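One structure is given below, encoded as structure tokens.
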Amino acid sequence: MGTTDKRIDQYIKNSADFARPILEHLRKVIHNAHPGIEESMKWSFPHFGYKGIVCSIAAFKNHCSFGFWKASLMKKNYRLDKITSLKDLPGDSEIVSSVLEAIALNEQDVKIKKEPSAPKSTIEIPEDFRKMLSKNKIAKEKFESFSPSHKREYLEWIVEAKTEETRKKRMGTAIEWMSEGKSRHWKYQK
């Protein structure tokens, strides 16, 4: 058996009565699949890895889930959700072969291809905000020097205002902050 993690013991112990046998069974089968499997807690639930993340298990109020990190690259792309009893699990041999397939992907250093995100559409500068900027040279220069994402942050904040009063207040605040050389989220920068 590979390395275990006491936090997973505690996770299983704290799970609902119906979930404990499911989690314990999955844990045992995953470890039986390969002697080098290592346990860890990531994102507050149990993960199993060998040269990278292989799979994970989780317990919820009324069900458990079990899935593979690189499921989309595997022969059988599955993530089992809504597991409420041991009967909902595939056979042990199927779980073992899937674990071994996921390990092989990690050993071959196969990566999941990330889809490029769609470019964001540009936001036009509202005419009333453009006029306010033209009256304040420092704010205008600062705004023009911002990266597209910083400009977008200010413009989205202004155009998403629900009332005209809020919109005017935000435009005034934006001009004030830009005059001081501040980006939209300056409070959160280190």
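Throughout, residue positions are numbered sequentially from 1 according to the sequence presented. Please read these numbers as outputs of a predicted model, since none were measured by experiment.
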Side-chain touch [X]/[Y], heavy atoms, less than 4.5 angstrom:
X: Tyr50; Y: Glu107; result: yes
X: Lys28; Y: His25; result: no
X: Phe68; Y: Glu101; result: no
X: Asp5; Y: Thr3; result: no
X: Asn106; Y: Lys70; result: yes
X: Asp9; Y: Thr4; result: no
X: Leu155; Y: Phe129; result: yes
X: Ile123; Y: Arg152; result: yes

[atom1] of [X]: more than 12 outside heavy atoms within 6.0 angstrom?
X: Glu164; atom1: CD; answer: yes
X: Ile112; atom1: CD1; answer: yes
X: Lys182; atom1: NZ; answer: yes
X: Lys151; atom1: NZ; answer: yes
X: Glu165; atom1: CD; answer: no

Nearest heavy-atom pair of [X] and [Y]: which atoms, and what distance?
X: Pro21; Y: Leu86; value: O-CD2, 3.7 Å
X: Ala139; Y: Ile175; value: CB-O, 3.8 Å
X: Glu39; Y: Ile8; value: CB-CD1, 3.4 Å
X: Glu160; Y: Arg170; value: C-NH1, 4.0 Å
X: Ile30; Y: Cys55; value: CD1-SG, 3.6 Å
X: Leu80; Y: Pro90; value: CD1-CD, 3.3 Å

Strictly distance-based, threshold 3.5 Å: is any side-chain N or O of [X] a donor or acceptor partner for the main-chain N or O of [Y]?
X: Glu153; Y: His185; result: no
X: Arg20; Y: Ser15; result: yes
X: His63; Y: Lys61; result: no

I'd like to know if Glu24 and Arg27 make a salt bridge, using a cut-off of under 4.0 Å between side-chain N and carboxylate O.
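Looking at Arg27 together with Glu24, the answer is no, because their closest N to O distance does not fall below 4.0 Å.
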Do NZ/NE/NH1/NH2 and the carboxylate oxygens of Lys76 and Glu94 come within less than 4.0 Å?
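A salt bridge links Lys76 with Glu94.
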What's the spacing between [X] [atom1] and [Y] [atom2] if we round to 0.5 Å?
X: Ile95; Y: Leu100; atom1: CD1; atom2: CG; result: 12.0 Å
X: Ile22; Y: Ile12; atom1: CD1; atom2: CD1; result: 11.5 Å
X: Met171; Y: Trp157; atom1: CE; atom2: CH2; result: 10.5 Å
X: His47; Y: Trp69; atom1: NE2; atom2: CH2; result: 5.5 Å
X: Lys82; Y: Ser65; atom1: NZ; atom2: OG; result: 9.5 Å

Steps toward side-chain contact (heavy atoms from CB on, under 4.5 Å) verdict (Ser44, Tyr11)
CA-CA 9 Å; Ser44 301; Tyr11 182 91; over 6 Å; no
